[in-house]
Amino acid sequence: MTAPWSRRGFLTASTDTAVALGLGSQAFAAADEFATLRASLTLTWRRPVAAVVSAPATVASATTGSALTLAFGDPTATAGATQRITVRLG
């Protein structure tokens with residue numbers, strides 16, 4: 001799924017999920033039933049990101065640069081709770 005965020009860049013999720021992009025800061029919040037399905041989730045934000053400032057332990061890997069890619073590990077322990085990630089734009 002791809003959602004246009006105009007000047008904020010394009011956001012792509014590998015599976016159905018709810019993703020909120022903060023307006024005042026560059027923060028993501030992702031929550032979904034993917035936790036109960038035991039599926040993986042990868043989010044890609046096509047916007048330059050210099051660094052991930054904070055992320056929960058469920059983020060297995062984060063790649064920054066011309067785009068941000070977040071790969072989440074096993075989400076079953078979260079029971080669908082919101083996962084919040086904060087980044088610094090590049």
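Please read these numbers as outputs of a predicted model, since none were measured by experiment.
Leu89 approaches Arg47 most closely through the heavy-atom pair CD1-NH2, 3.4 Å. The minimum heavy-atom distance between Val87 and Val53, with the atom names listed, is C-CG2, 3.9 Å. Across all their heavy atoms, Gly73 and Ala60 have their closest contact at N-CB, 3.8 Å.
Partners of Pro48 by side chain to side chain contact (heavy atoms under 4.5 Å, CB included), not counting sequence neighbours: none found. A search for side chain to side chain contact (heavy atoms under 4.5 Å, CB included) contacts involving Ala71 returns Thr42, Ser61, not counting sequence neighbours. Partners of Thr58 by side chain to side chain contact (heavy atoms under 4.5 Å, CB included), not counting sequence neighbours, listed by chain and number: Pro56, Phe72, Thr78, Gln83.
Residues Thr12 and Leu43 form no side-chain contact, since every pair of their non-hydrogen atoms from C-beta on lies 4.5 Å or further apart. Using a 4.5 Å cut-off on side-chain heavy atoms (C-beta onward), Ile85 and Val59 make contact.
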Exercise for review: Apply the test side-chain contact (heavy atoms from CB on, under 4.5 Å) to residues Val52 and Thr86: give CA-CA distance (whole Å), side-chain angles for both, the deciding distance (0.1 Å), then the verdict.
Suggested key: CA-CA 6 Å; Val52 174; Thr86 304; over 6 Å; no
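Here the rule is side chain to side chain contact (heavy atoms under 4.5 Å, CB included) with Thr44, and of Leu11, Leu68, Leu70, Thr69 only Thr69 fits it.
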